[in-house]
Amino acid sequence: MKYNNISNLIFFLVLSFIYIAFSACNKNEDKLPYATINYSFYLSDPAFFKLNSIEGSAFIENEGINGVLVYRKSLEEIVAYDGNCTYKPEDRCGVQLVENEQSAKDSCCGSVFQLFDGNPISGPASLPLYDYRV
């Protein structure tokens, strides 16, 4: 009976150690601080003219954490992403539209994100851009 209690204790300690070890591996990297925005725009505004076409994009400064990227996926759907890179977000590196305007690149680490769904295409970033409800 005594042996059974010791083996249960050892089993519990081993499970606790594994849990703590895996919890410690969950780094705070790639996590953005919480931000809300309340912003309206009109497609007739020249700054947002490109959003009249599918795959058009625009950038809204001074909103969200580091600006907001807006992208038109289809006639019915427009998406918005925060302009802060998800790799080391505490660095506050800005993500800017790339020349083709269907992707965005981080100015610090070089991560590139596709605007269709915000997922990283290349670079050290592993999480997609934070998306806002539109």
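It should be emphasised that the depicted structure is a prediction, and the values quoted were computed from it without experimental measurement.
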Problem - With E55 via side chain to side chain donor-acceptor pair (under 3.5 Å) - residues at least two apart - result: Q102
Handout entry: Partners meeting side chain to side chain contact (heavy atoms under 4.5 Å, CB included) with K105 (sequence neighbours left out)
Key = V98, V112
Practice task
Could you note down all residue pairs passing disulfide (SG to SG under 2.5 Å) where residues 104-134 supplies at least one of them, sequence neighbours left out?
Solution key: C93-C108
Practice task
Could you walk me through whether I54 and L75 pass the side chain to side chain contact (heavy atoms under 4.5 Å, CB included) test, one step at a time?
Solution key: CA-CA 6 Å; I54 296 173; L75 288 174; 4.1 Å; yes
Handout entry: Nearest atoms (heavy-atom pairs only) where S57 meets L115
Key = CB-CD1, 4.0 Å
Practice task
Give a yes or no on this: more than 12 heavy atoms of other residues, nucleotides or ligands lie within 6.0 Å of atom CZ of F41.
Solution key: yes
Handout entry: Note, S111 side chain near P120 side chain (heavy atom, < 4.5 Å)
Key = no
Handout entry: Flag side-chain contact, heavy atom, 4.5 Å: I37 against V68
Key = yes
Practice task
Could you tell me which residues satisfy side chain to side chain donor-acceptor pair (under 3.5 Å) with N119, sequence neighbours excluded, listed by chain and number?
Solution key: D117
Handout entry: Distance-minimising heavy-atom pair for L51 and G56
Key = CD2-O, 3.4 Å
Fill in the blank from the handout: dist L129:CG -> Q114:CD (nearest 0.5 Å) comes out at 10.0 Å
Exercise for the section: Could you tell me whether the side chains of D82 and Y132 share a donor-acceptor contact shorter than 3.5 Å? Expected result: yes
Fill in the blank from the handout: Contacts satisfying side chain to side chain donor-acceptor pair (under 3.5 Å) that involve residues 58-74 (not counting sequence neighbours) are N66-N84
Exercise for the section: Kindly give the heavy-atom pair with the smallest separation between T86 and A125, and that separation in Å. Expected result: OG1-CB, 3.8 Å
Side-chain donor-acceptor pairs of residues 42-50 under 3.5 Å, sequence neighbours excluded:
residue, atom, partner, partner atom, Å
D45, OD1, A47, N, 3.0
K50, NZ, E101, OE1, 3.3
K50, NZ, E101, OE2, 2.7

Exercise for the section: With F113 as reference, evaluate L127, V95, I121, L69 under the side-chain contact (heavy atoms from CB on, under 4.5 Å) test and give the passing residue. Expected result: V95
Exercise for the section: Could you note down all residue pairs passing disulfide (SG to SG under 2.5 Å) where residues 45-78 supplies at least one of them, sequence neighbours left out? Expected result: none
Handout entry: Side-chain heavy atoms of Y39 within contact of I60, under 4.5 Å
Key = yes
